[in-house]
Amino acid sequence: WKSMLIQVEDKTIVNIRYVRSIWIYEHQYKEGKKEYLVKCEMTEETDETVKTCNTREEAEKALEQILSQYDRGQRVIKIK
């Protein structure tokens, strides 16, 4: 089992071992205004926001970055 860390938006470090799922959450904060959050659910049933994005495409790229770095065995993932 790979031990990896993800640095989330508020500089918290999350150990991938304790992540149950990662997904994109569409949040409408005003009528006609949306943001897309790349979120991860932790085993202790808390959520962490990895990145807040203006578009779904940007959020999908962040999610893809996590997956591709995980596949390559990166130890620490920083989302840009």
Side-chain angles (χ1 to χ4, degrees):
W1 179 257
K2 297 178 187 177
S3 178
M4 284 183 30
L5 305 175
I6 300 173
Q7 183 173 359
V8 300
E9 217 164 51
D10 67 358
K11 304 294 183 196
T12 299
I13 304 297
V14 172
N15 187 328
I16 199 83
R17 268 186 199 188
Y18 303 106
V19 173
R20 293 169 95 174
S21 59
I22 301 173
W23 74 97
I24 296 171
Y25 172 73
E26 185 178 304
H27 176 241
Q28 184 167 335
Y29 59 94
K30 266 195 227 176
E31 191 166 333
K33 298 279 186 178
K34 293 180 186 174
E35 61 187 5
Y36 299 86
L37 307 164
V38 179
K39 310 260 305 165
C40 57
E41 179 187 13
M42 308 304 293
T43 53
E44 63 272 0
E45 299 185 20
T46 60
D47 290 348
E48 293 288 346
T49 299
V50 177
K51 182 171 176 123
T52 302
C53 305
N54 294 319
T55 65
R56 180 155 186 101
E57 181 181 69
E58 184 185 353
E60 287 172 359
K61 284 181 184 176
L63 192 56
E64 183 59 39
Q65 185 182 356
I66 293 169
L67 294 174
S68 68
Q69 289 186 26
Y70 182 77
D71 282 345
R72 284 185 273 150
Q74 295 287 111
R75 293 291 218 184
V76 177
I77 299 173
K78 291 184 181 179
I79 305 303
K80 297 176 183 167

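Everything numeric in this text was worked out from a predicted model, so none of it was measured.
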Name all residues meeting the side chain to side chain donor-acceptor pair (under 3.5 Å) criterion together with [X]; count only those two or more places apart in sequence or in a different chain, and write none if there are none.
| X | value |
| --- | --- |
| Gln28 | none |
| Arg20 | none |
| Thr49 | Lys39 |
| Glu41 | Ser21 |

Can Tyr36 be reached from Ile66 by stepping across I, L, V, M, F, W or Y side chains whose heavy atoms are under 4.5 Å apart?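 Yes, same cluster.
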*asked:* Tell me whether Tyr18 shares a hydrophobic cluster with Val50, the cluster being built from Ile, Leu, Val, Met, Phe, Trp, Tyr side chains joined at under 4.5 Å.
replied: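 Yes, Tyr18 connects to Val50 through the hydrophobic network.
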* To do: Check whether more than 12 heavy atoms from other residues, nucleotides or ligands sit under 6.0 Å from atom CD of Glu44, and answer yes or no.
  => yes
One should read off an interatomic distance between Glu35 CD and Glu58 CD, to the nearest 0.5 angstrom, of 11.0 Å
In this structure, OH of Tyr25 is separated from OG1 of Thr52 (nearest 0.5 Å) by 11.5 Å
Hits for salt bridge (charged side-chain N to carboxylate O under 4.0 Å, His left out) against Lys61, two or more places apart or cross-chain, chain-then-number order -> none
Contacts of Glu26 meeting salt bridge (charged side-chain N to carboxylate O under 4.0 Å, His left out) (sequence neighbours excluded), chain-then-number -> Lys34
Members sharing Leu67's hydrophobic cluster, built from side-chain contacts under 4.5 Å between Ile, Leu, Val, Met, Phe, Trp and Tyr, are none
Is it the case that the side chain of Thr46 and the backbone of Met42 share a donor-acceptor pair, with hydrogens and angles ignored and the cut-off at 3.5 Å?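 Checking the backbone N and O of Met42 against the side chain of Thr46, no donor-acceptor pair under 3.5 Å is found.
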Across all chains, not counting sequence neighbours, the side-chain contact (heavy atoms from CB on, under 4.5 Å) partners of Lys33 are Tyr29, Lys30
Residue set satisfying side-chain contact (heavy atoms from CB on, under 4.5 Å) with Leu63, at least two apart, ordered chain then number -> Ile22, Ile24, Val38
Requested in this report: Answer yes or no: is there a side-chain heavy-atom contact under 4.5 Å between Ile13 and Ile6?
Outcome: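 They are not in side-chain contact.
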